[in-house]
Amino acid sequence: MAKTFTKNLSVIVVAAGAVAICGMGYLHTQREQAAQQVTYAQSAVSTQNKQLQELKETVASLYQDGSSGILAPTTTKETVDSLNNSLGSIQTSAESFGISDSQLPKGMRALNKEKEILSSELQTITAKLTLQTKIDHLFAKEVNWTTYSGDEVLKESVKDTDISDLKDRVSLISADDWQTLANQYLTEANSQQTTIKKIQTSIDNMYQDGTATDAANLDEYTTLVTAIDAVKNQTIRQSFVQTLNAINEQMGFGMPAQ
């Protein structure tokens, strides 16, 4: 019985020793792998930096110039999407090398920060392109996104909320020349919308159910005849002209609107 116990104990001791040896071997292997990954991260700083700097130069070319924030006419969403994909392939984080943050080489940490900044910049460019398209849709034709032209014609279908919503979204972009330009177009859109609504309100007050009202006096009429010259949208303007001429005929003012 004692011999059996001793024999079993020996087996257990041997097995425990084997497990310990395997465990130590595993830990040693893990340390070696971690050391290799850290070494790889250190050696990758140069190559990742080269890729990142090249990408930064490409992103810089998306602007009309280096400081205004105004986008070059050739910049498209497809270009930005492609650059985002390229940026995503650049390895700078601890996770991408399978190491902890504390093990990430100092040079790679700096690159990781640069990558984050560039990613944010690309997001802003995407936002600008989206807003440019939406602001274009306020007008009869696409506006000039390099310099303000001032000859835009507001579409008939534009609502007040379309303009105000875009103002809110543009305000989220950091202040630069692009934001100033976007706000100029939104101000123009709002100005035209205000003019149209003011004239429409006055006409509705003077002309109801096909008949001129008591409010249709000569002073109010002549004021509107002059005011419609500020309406750039010719479809809306002609609608005003037709109504004003109906008022003119009924009231006998002898001053047809043109």
Side-chain angles (χ1 to χ4, degrees), residues 52-88 112-201 226-237 240:
L52 188 60
Q53 299 314 312
E54 289 175 348
L55 196 59
K56 286 175 70 174
E57 290 180 6
T58 304
V59 171
S61 71
L62 300 180
Y63 298 99
Q64 183 185 11
D65 57 58
S67 60
S68 70
I70 292 177
L71 303 180
T74 54
T75 299
T76 64
K77 185 178 182 300
E78 289 72 23
T79 301
V80 179
D81 287 344
S82 176
L83 290 174
N84 266 317
N85 290 334
S86 297
L87 184 62
N112 194 42
K113 184 63 177 178
E114 283 190 57
K115 181 180 175 181
E116 290 175 356
I117 293 173
L118 196 59
S119 176
S120 177
E121 184 176 359
L122 287 172
Q123 289 176 12
T124 298
I125 292 173
T126 298
K128 286 181 175 181
L129 287 170
T130 299
L131 287 168
Q132 285 184 183
T133 299
K134 290 184 177 298
I135 291 173
D136 281 340
H137 288 166
L138 297 177
F139 300 101
K141 62 179 182 179
E142 294 182 359
V143 304
N144 186 333
W145 281 106
T146 56
T147 55
Y148 181 65
S149 57
D151 59 356
E152 298 72 33
V153 176
L154 192 71
K155 287 181 178 178
E156 300 95 290
S157 58
V158 174
K159 301 181 179 65
D160 290 348
T161 52
D162 296 334
I163 301 171
S164 61
D165 288 348
L166 285 172
K167 281 186 175 181
D168 290 341
R169 293 177 64 177
V170 167
S171 70
L172 299 177
I173 302 293
S174 297
D176 59 12
D177 290 349
W178 181 91
Q179 188 194 61
T180 299
L181 184 60
N183 280 326
Q184 284 179 301
Y185 286 123
L186 291 174
T187 297
E188 174 64 22
N190 187 66
S191 176
Q192 290 188 41
Q193 184 81 320
T194 299
T195 297
I196 291 168
K197 288 178 65 177
K198 185 177 180 180
I199 293 172
Q200 187 65 63
T201 298
T226 301
I228 62 173
D229 288 338
V231 178
K232 294 182 179 181
N233 185 303
Q234 291 303 304
T235 299
I236 295 176
R237 188 181 185 284
F240 289 158

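None of the values given here were measured: they were computed from a predicted structure.
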K.L.:
Less than 4.5 Å apart, side chain to side chain, heavy atoms only: is that true for Tyr63 and Ile70?
P.N.:
no
K.L.:
Are Val153 and Lys141 close enough that some pair of their side-chain heavy atoms sits under 4.5 Å apart?
P.N.:
no
K.L.:
Might you confirm whether atom CD of Glu156 has over 12 heavy atoms from other residues, nucleotides or ligands at distances under 6.0 Å?
P.N.:
yes
K.L.:
Going through the checks in order, is the side-chain contact (heavy atoms from CB on, under 4.5 Å) test met by Leu129 and Thr133?
P.N.:
CA-CA 6 Å; Leu129 287 170; Thr133 299; 5.7 Å; no
K.L.:
Within the structure provided, determine whether Ile135 and Trp145 are in side-chain contact (heavy-atom separation under 4.5 Å).
P.N.:
yes
K.L.:
Would Leu138 and Leu186 satisfy side-chain contact (heavy atoms from CB on, under 4.5 Å), going step by step from the backbone distance to the final call?
P.N.:
CA-CA 9 Å; Leu138 297 177; Leu186 291 174; 3.8 Å; yes
K.L.:
CG of Leu122 to CD1 of Ile117: how many Å apart, nearest 0.5 Å?
P.N.:
12.5 Å
K.L.:
Just how far is it from atom CD of Glu142 to atom NE2 of His137, taken to the nearest 0.5 Å?
P.N.:
7.5 Å
K.L.:
Any chance you could measure Gln64, atom CD, to Thr75, atom OG1, to the nearest 0.5 Å?
P.N.:
10.0 Å
K.L.:
Are Ile236 and Leu154 side-chain neighbours, meaning at least one heavy-atom pair lies under 4.5 Å?
P.N.:
no
K.L.:
I would like to know whether Leu181 and Thr147 meet side-chain contact (heavy atoms from CB on, under 4.5 Å); could you show each step before the answer?
P.N.:
CA-CA 7 Å; Leu181 184 60; Thr147 55; 5.8 Å; no
K.L.:
With a 4.5 Å cut-off on side-chain heavy atoms, are Lys56 and Glu121 touching?
P.N.:
no
K.L.:
According to side-chain hydrogen bond (donor to acceptor under 3.5 Å, both in side chains), who are the partners of Glu152, at least two apart in sequence or on a separate chain?
P.N.:
Ser149
K.L.:
Using 0.5 Å steps for rounding, measure from the CD1 atom of Ile228 to the CZ atom of Phe240.
P.N.:
8.5 Å
K.L.:
Apply the side-chain contact (heavy atoms from CB on, under 4.5 Å) test between Ser86 and each candidate in Asp81, Thr58, Val59, Leu55; give the one that qualifies.
P.N.:
Leu55
K.L.:
When you compare the side chains of Trp178 and Gln132, does any donor N or O come within less than 3.5 Å of an acceptor on the partner?
P.N.:
yes
K.L.:
Is the closest side-chain heavy-atom distance between Thr74 and Thr79 below 4.5 Å?
P.N.:
no
K.L.:
What is the minimum heavy-atom distance between Ala127 and Ile173, and which atoms define it?
P.N.:
CB-CD1, 4.1 Å
K.L.:
To the nearest 0.5 Å, what is the distance between OG1 (Thr126) and CG (Asn84)?
P.N.:
6.0 Å
K.L.:
Show, in sequence, the C-alpha distance, side-chain angles and deciding distance for Asp229 and Arg237, and conclude whether the side-chain contact (heavy atoms from CB on, under 4.5 Å) test is met.
P.N.:
CA-CA 8 Å; Asp229 288 338; Arg237 188 181 185 284; 2.9 Å; yes
K.L.:
Got Asp136 and Tyr185 here, is their nearest side-chain heavy-atom distance under 4.5 Å?
P.N.:
no
K.L.:
Flag the pair Lys159 / Asp162 as yes when at least one side-chain heavy-atom distance between them is below 4.5 Å, and no otherwise.
P.N.:
yes
K.L.:
Would you please say whether a donor-acceptor pair under 3.5 Å links the side chains of Asn233 and Gln192?
P.N.:
no
K.L.:
What's the separation between atom CG in Leu166 and atom CG in Asn190, rounded to the nearest 0.5 Å?
P.N.:
11.5 Å
K.L.:
Could you name each residue pair satisfying salt bridge (charged side-chain N to carboxylate O under 4.0 Å, His left out) that touches residues 166-184, not counting sequence neighbours?
P.N.:
Lys128-Asp176
K.L.:
Take Asp165 and Lys134, measure what salt bridge (charged side-chain N to carboxylate O under 4.0 Å, His left out) needs, and give me the verdict at the end.
P.N.:
CA-CA 10 Å; Asp165 288 348; Lys134 290 184 177 298; over 6 Å; no
